[in-house]
Amino acid sequence: MSNQGTPVARRLSRLDRWLPAWIGLAMLGGLALGRLVPSLAGALARLEVGGISLPIGLGLLVMMYPVLAKVRYDRVGAVTGDRRLLISSLALNWLLGPALMFALAWVLLPDLPEYRTGLVVVGLARCIAMVVIWNDLACGDREAAAVLVAINSVFQVVAFSLLGWFYLTALPGLLGLDTQGLDVSVGQIALNVLVFLGVPLAAGFASRAIGERTRGRDWYESRFVPRVGPWALRGLLFTIVLLFALQGDAVTRNPLDVARIALPLLVYFAVMWTVGMVTGHALHLGYARTTTLAFTAAGNNFELAIAVAIGTFGATSGQALAGVVGPLIEVPVLVGLVYVSLRARRRWFADGADHPSDAAGSATPPVAQVAP
């Protein structure tokens with residue numbers, strides 16, 4: 001994200017434009033805090049409920065709610081009628097994505113079971129957050145993105161824990177892989193998904209329904225959403241500071257581990273985006289919906305992955321660290337893929353507007369009101 005003068009960078013809000021820098025500063029701040037206040041770990045442990053520190057749990061909920069308050073839940077019917085888009089999105093998100101991350105984690109991190117497990121958890125957490133930004137910047141179909149976000153939000157409540165059991169316990173056993181670090185409880189995962197996704201999902205749905213009914217959609221979109229949106233980033237940064245305060249020794253002892261976590265993430269983003277673009281082009285979805293398909297397939301819900309990793313494995317676990325590294329890698333990579341998409345629009349999609357919905361996606365997006 002070093003090229004701040006480019007048109008795409010200028011269309012990002014200041015918070016989003018410098019997101020990798022904020023995350024990096026939060027990591028450094030957390031490491032410094034852990035050194036300066038060695039008693040912090042004990043203090044957080046004393047505030048635990050059900051194995052989760054209350055300050056960290058609060059940060060996770062604050063992080064999730066604004067994302068889900070933005071979702072347009074009433075638009076599901078507008079996209080579910082496009083069976084090609086819907087079926088291909090579900091297949092990429094819930095079949096290919098988790099399977100690809102599972103394969104990359106085992107191939108590239110065979111000797112690091114905790115980080116490997118953390119990456120598998122990341123692969124199960126499908127994108128419901130910053131995909132709105134990437135989709136708008138790349139002139140994708142805004143309506144389709146909103147609906148796919150809503151579908152993924154609801155689907156994750158049902159599917160995450162079952163897929164977690166399959167990829168973390170059942171499949172490694174069937175393949176004869178070393179199951180070290182994979183002793184997980186499907187019930188614990190389900191509970192954490194219910195708390196950290198189900199509760200903010202219900203709150204987000206209720207706030208939109210009540211806000212639109214009492215004040216109208218224009219007020220909700222132009223006043224309420226921009227006001228609560230930045231709290232997602234604040235919750236994320238607060239959580240990262242606390243995690244790195246607890247993870248300081250592990251990070252400083254093994255800095256190369258962070259680079260090793262980054263490698264499968266880089267490969268994952270590139271492959272998922274490419275498959276999404278190729279699939280949309282082959283199905284003749286048009287540029288706007290093809291781009292939406294590609295970015296919703298490539299992005300991940302790191303907020304949920306971090307929450308599940310902390311709730312299931314603990315705040316000081318390698319699984320939690322793998323989740324925290326995720327957004328640091330995702331943001332610059334997907335911004336780069338926005339440029340690739342816009343170039344593909346000119347070269348691969350003739351006039352770049354071969355779907356009726358493209359006109360809606362080509363308008364200057366209100367990205368300033370969107371936070372991760």
Between [X] and [Y], do the side chains contain an N or O donor and an N or O acceptor separated by less than 3.5 Å?
{"X": "Asp141", "Y": "Thr292", "value": "no"}
{"X": "Tyr287", "Y": "Ser341", "value": "no"}
{"X": "Arg126", "Y": "Asn152", "value": "no"}

Mark yes when over 12 heavy atoms from residues, nucleotides or ligands other than Asp218 sit less than 6.0 Å from its CG; otherwise mark no. no
Count the heavy atoms belonging to other residues, nucleotides or ligands that lie under 6.0 Å from CZ of Phe224, then report whether that count exceeds 12. yes
Considering all heavy atoms of both residues, which atom of [X] and which atom of [Y] are nearest to each other, and what is their separation?
{"X": "Thr290", "Y": "Met277", "result": "CG2-O, 3.4 Å"}
{"X": "Ala262", "Y": "Ile329", "result": "CB-CD1, 3.6 Å"}
{"X": "Ala69", "Y": "Tyr220", "result": "O-OH, 2.7 Å"}
{"X": "Gln156", "Y": "Leu124", "result": "OE1-O, 3.9 Å"}
{"X": "Leu92", "Y": "Gly276", "result": "CD1-CA, 3.8 Å"}
{"X": "Lys70", "Y": "Gly229", "result": "NZ-CA, 3.8 Å"}

Just verifying a value: how many Å separate [X] [atom1] and [Y] [atom2], rounded to the nearest 0.5 Å?
{"X": "Arg289", "Y": "Ser89", "atom1": "CZ", "atom2": "OG", "answer": "11.5 Å"}
{"X": "Leu95", "Y": "Ser88", "atom1": "CG", "atom2": "OG", "answer": "11.5 Å"}
{"X": "Leu61", "Y": "Leu54", "atom1": "CG", "atom2": "CG", "answer": "10.5 Å"}
{"X": "Leu119", "Y": "Thr117", "atom1": "CG", "atom2": "OG1", "answer": "9.0 Å"}
{"X": "Leu168", "Y": "Ser161", "atom1": "CG", "atom2": "OG", "answer": "11.5 Å"}
{"X": "Leu242", "Y": "Leu237", "atom1": "CG", "atom2": "CG", "answer": "11.0 Å"}

Determine whether [X] and [Y] fall in the same hydrophobic cluster, where Ile, Leu, Val, Met, Phe, Trp and Tyr are linked whenever their side-chain heavy atoms lie under 4.5 Å apart.
{"X": "Leu174", "Y": "Leu162", "value": "no"}
{"X": "Ile87", "Y": "Val275", "value": "no"}
{"X": "Val107", "Y": "Val120", "value": "yes"}
{"X": "Leu25", "Y": "Phe238", "value": "yes"}
{"X": "Val121", "Y": "Leu177", "value": "yes"}

Residues Glu330, Leu265; criterion side-chain contact (heavy atoms from CB on, under 4.5 Å); working and verdict: CA-CA 8 Å; Glu330 178 186 21; Leu265 288 168; over 6 Å; no
Just so I know, are the side chains of [X] and [Y] near enough to count as touching, which here means a heavy-atom distance under 4.5 Å?
{"X": "Val122", "Y": "Tyr268", "result": "no"}
{"X": "Met272", "Y": "Leu100", "result": "yes"}
{"X": "Leu109", "Y": "Arg260", "result": "yes"}
{"X": "Leu293", "Y": "Leu85", "result": "yes"}
{"X": "Cys139", "Y": "Thr291", "result": "no"}
{"X": "Val278", "Y": "Trp348", "result": "yes"}
{"X": "Phe166", "Y": "Pro98", "result": "no"}
{"X": "Ile151", "Y": "Leu90", "result": "yes"}

Within the side chain of Gln319, is there an N or O that forms a donor-acceptor pair under 3.5 Å with the backbone of Gly118? no
Treating Ser207 as the side-chain partner and Gly204 as the backbone partner, does any N or O pair qualify as donor plus acceptor under 3.5 Å? yes
Decide side-chain contact (heavy atoms from CB on, under 4.5 Å) for Trp106 and Arg116; before the verdict, give the C-alpha distance in whole Å, the side-chain angles of both, and the deciding distance to 0.1 Å. CA-CA 7 Å; Trp106 275 94; Arg116 184 176 67 224; 3.3 Å; yes
Going through the distances and angles, do Trp273 and Val340 end up as a side-chain contact (heavy atoms from CB on, under 4.5 Å)? CA-CA 10 Å; Trp273 180 88; Val340 179; 3.4 Å; yes
Specify whether Trp94 and Phe155 have parallel, tilted or perpendicular ring planes, treating 30° as the upper limit for parallel and 60° as the lower limit for perpendicular. tilted
Could you tell me whether Glu212 and Arg208 make a salt bridge, using a distance below 4.0 angstrom between a side-chain N and a carboxylate O? yes
Evaluate the criterion side-chain contact (heavy atoms from CB on, under 4.5 Å) for residue pair Arg84 and His284; output intermediate values, then yes/no. CA-CA 9 Å; Arg84 295 172 303 166; His284 306 290; 4.2 Å; yes
